[in-house]
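The next block holds one structure in the form of structure tokens; read it before the comments.
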Protein chains: 2
Amino acid sequence: MEEEKRTVRAVERALDVLLCFASRHEWGLTEIAGRVGLHKSTVHRLLATLEDKGFVTRDAATDKYRLGLSVLELSAHLFRSDDPSVVLLPEMEKLRDEISETISLYVRDRSERVRIQAVQSMQAIRRVATVGARLPLSVGASSKVLLAFANDGDRETVLADPSWPAQLDLQTFAKQLDEIVSTGYATSFEEREPGAAAVAAPIFNRSGKLVAALAVSGPSNRLTPDRMHEYAPAIIESAHRMGALLG
Amino acid sequence: MEEEKRTVRAVERALDVLLCFASRHEWGLTEIAGRVGLHKSTVHRLLATLEDKGFVTRDAATDKYRLGLSVLELSAHLFRSDDPSVVLLPEMEKLRDEISETISLYVRDRSERVRIQAVQSMQAIRRVATVGARLPLSVGASSKVLLAFANDGDRETVLADPSWPAQLDLQTFAKQLDEIVSTGYATSFEEREPGAAAVAAPIFNRSGKLVAALAVSGPSNRLTPDRMHEYAPAIIESAHRMGALLG
DNA sequence: TTAAAATGTTTCACCCTATGAAACGCTGTT
DNA sequence: AACAGCGTTTCATAGGGTGAAACATTTTAA
């Protein structure tokens, strides 16, 4: 039970502080202290360090903390030219132009998924998808794709995760995933967000490894179940073409 | 001389490690240790912590370290809808369409400048400007604008900075800056990069505070000195309009 | 094939340094 | 004027970060 961790506590805490800014732009010192469960003076020191290195700044007006320019600097180097989010962008735009709905690209990160790329529909009513969003793996079409086509080991690890919602019946969920494997795509209708629906298909690289989920999402009155199944073949085909572009 | 620093050493070091990735995508442990001047085992622990929190990942193939998805997550929250880089984007695009050269937006950060927004020229030969780039404050049109229109205090602080290039004659440089204040804009011709030229004008917010520099840059054979002076009025006017949009 | 070099990983004893309680200063509110 | 809320600073304590060294593993050289 000892679970030796070879990490640095002070750094862990500082990064927790930094990650507060993934859910809100501006934080006060006391707010952060409350959220991360540390003493004010500790957080104060951590923030001073983060500020010194440019990872946070203080808003001139409100005096509250915000993300700093070092984050921007790093984000410029996040992706290489051969990364999925770069390589697949043109194909995503093509699919968007074909279907006229918002296209997202998700990868699994432990027991969550992260949207690593998005191109927006140009319709007046549209799904707006922000790159970088971290979402649960338990709901949504792309979640189910990422789980359904994962290695058995990965799938089990995720489902056994303590953060997994207990009310979900694992039996029926697993059956649902197996169904997705056989049809080759997944749909969700007002599953995570009311008024929104999505279709998703897996992207495998040339070695056959699941790399990402390609999702089409939009308002549920336009993206009806019928319409989604109608789009599915085009999405799967697009996902195939994308896979061929990856190492 | 003691200069009490109320920062956390371990965190400082971890952030230094992280900042390595601002100059290159992939790093090996030993490389990083050499760069930041720490022992392998120390860096190993710091990297383990950063990895645990998702700030770095290890490339499946090379086993080297890369930036992780937490950085992407944070970068999505870098700017609020009322931040310059967001508010000024449409006006930047307008200027780009008018002049057909790449437009950049810079802010000063201590003794450097950071490109916080950019829209690219659509010409075949163009200046490519990446958002997040950190550049010296000693050369380039926007540098001179950011210094020329800064508070006297700020200007002096920067020029007194130990990182300031010693070979630059402060007398003539200061005179140059004063000239820029009177003309209202600055130019640079193959100053920082051979083959590149730029014109820049200051953006003041409604309170009259210098917030950013607006720069037009392109290849020096197209953006000749004559052409730059010709463009200047339009750039200044655009910068004025931008300032009116800022609090 | 062996030897050597380089890279990443783990252990461990020492002592530096991160920690949180408490007190302080400041600003705005009642 | 009294109060509440926030950020800042100080300080004694012990908990934890540190780097040397040894180990494991892969890559390069001979």
Side-chain angles (χ1 to χ4, degrees), chain A residues 1-21 23-68 207 247, chain B residues 1-21 23-68 80 110 207 247:
Chain A
M1 268 274 114
E2 272 303 330
E3 265 302 315
E4 284 288 344
K5 301 188 70 180
R6 26 200 127 270
T7 55
V8 180
R9 193 182 59 167
V11 176
E12 269 190 318
R13 292 172 162 187
L15 297 178
D16 283 338
V17 168
L18 205 48
L19 283 171
C20 287
F21 297 90
S23 57
R24 187 144 45 89
H25 306 274
E26 278 197 344
W27 289 81
L29 185 148
T30 316
E31 280 180 310
I32 296 178
R35 156 120 178 198
V36 299
L38 293 172
H39 197 274
K40 276 195 304 178
S41 85
T42 305
V43 175
H44 183 258
R45 242 174 303 115
L46 295 175
L47 280 170
T49 314
L50 289 167
E51 187 178 10
D52 189 58
K53 294 290 176 187
F55 284 78
V56 301
T57 345
R58 311 188 68 162
D59 187 281
T62 65
D63 218 55
K64 293 191 168 190
Y65 291 90
R66 289 217 209 171
L67 286 177
S207 330
Chain B
M1 271 276 115
E2 272 302 330
E3 265 302 315
E4 284 287 344
K5 300 190 71 181
R6 24 201 128 268
T7 54
V8 179
R9 192 182 60 166
V11 175
E12 270 189 317
R13 293 172 161 187
L15 297 178
D16 283 338
V17 168
L18 205 48
L19 283 172
C20 287
F21 297 91
S23 56
R24 187 145 44 92
H25 306 273
E26 278 196 345
W27 288 82
L29 186 148
T30 315
E31 279 181 311
I32 296 178
R35 157 121 179 198
V36 299
L38 293 172
H39 197 273
K40 276 194 305 179
S41 87
T42 305
V43 174
H44 184 258
R45 244 174 301 115
L46 296 175
L47 280 169
T49 314
L50 289 167
E51 186 178 12
D52 189 58
K53 295 289 175 186
F55 283 79
V56 301
T57 344
R58 312 188 67 161
D59 187 282
T62 65
D63 217 56
K64 294 193 166 190
Y65 291 90
R66 287 218 210 171
L67 287 176
R80 304 200 315 194
R110 315 210 187 170
S207 329

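Proteins come first, then strands; the chains are lettered A, B, ... in the order of their sequence lines, and each starts at number 1.
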Could you give the [atom1]-to-[atom2] distance, from [X] to [N], as a whole number of Å?
X	N	atom1	atom2	result
His39(B)	dT10(C)	NE2	P	15 Å
Arg9(A)	dT17(C)	CZ	C1'	11 Å
Leu50(B)	dG17(D)	CG	P	14 Å
Leu46(A)	dT17(C)	CG	C1'	13 Å
Asp16(B)	dT18(D)	CG	P	12 Å
Leu47(A)	dG20(C)	CG	P	14 Å
Lys64(B)	dT26(D)	NZ	P	17 Å
Lys40(B)	dT11(C)	NZ	P	16 Å

Atom [atom1] of [X] and atom [atom2] of [Y]: how far apart are they, to the nearest 0.5 Å?
X	Y	atom1	atom2	answer
Leu50(A)	Tyr65(A)	CG	OH	9.5 Å
Arg24(A)	Lys64(A)	CZ	NZ	7.0 Å
Arg13(A)	Lys53(B)	CZ	NZ	10.5 Å

Quiz item: For Leu19(B) and Phe55(A), what are the C-alpha separation, side-chain angles and deciding distance, and is it a side chain to side chain contact (heavy atoms under 4.5 Å, CB included)?
Solution: CA-CA 10 Å; Leu19(B) 283 172; Phe55(A) 284 78; 3.9 Å; yes

Quiz prompt | Partner of Ile32(B) under side chain to side chain contact (heavy atoms under 4.5 Å, CB included), chosen from Val43(B), Asp16(B), Leu18(B) | solution = Val43(B)

Quiz prompt | Polar pair under 3.5 Å, donor/acceptor by atom type, side chain Arg45(B), base dG19(D) | solution =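 Flag set: donor-acceptor pair detected.
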
Practice problem: Tell me what Thr30(A) touches on the nucleic acid: a base, only sugar-phosphate, or nothing, going by heavy atoms under 4.0 Å. | Solution: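 Sugar-phosphate contact only - Thr30(A) comes under 4.0 Å of backbone atoms but never of a base.
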
If only side-chain N and O atoms of [X] are considered, is one of them under 4.0 Å from the OP1 or OP2 phosphate oxygen of [N]?
X	N	value
His44(B)	dT9(C)	yes
Arg6(A)	dT9(C)	no
Arg13(B)	dT17(C)	no
Ser41(A)	dG20(C)	no

Quiz prompt | Toward the 5' end of DNA chain D, by each residue's nearest nucleotide, Val8(A) or Asp63(A) | solution =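 The residue closer to the strand's 5' end, by nearest nucleotide, is Asp63(A).
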
Quiz prompt | Upstream residue (5' side of DNA chain D) when Val11(A) and Tyr65(A) are each assigned their closest nucleotide | solution = Tyr65(A)

Quiz item: Given dT18(D), dG8(C), dT19(C), which nucleotide is nearest the side-chain atoms of Ala10(A)?
Solution: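 My answer, after comparing the listed nucleotides, is dT19(C).
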
Quiz item: For the side chain of Thr42(A), counting heavy atoms from C-beta on, which of dT8(D), dT19(C), dT18(D) is nearest?
Solution: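 Nearest nucleotide to the side chain: dT19(C).
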
Self-check item: Nearest-nucleotide 5' precedence on DNA chain C, Trp27(B) against Gly37(A)
Solution: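 Nearest nucleotide further toward 5': that of Trp27(B).
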
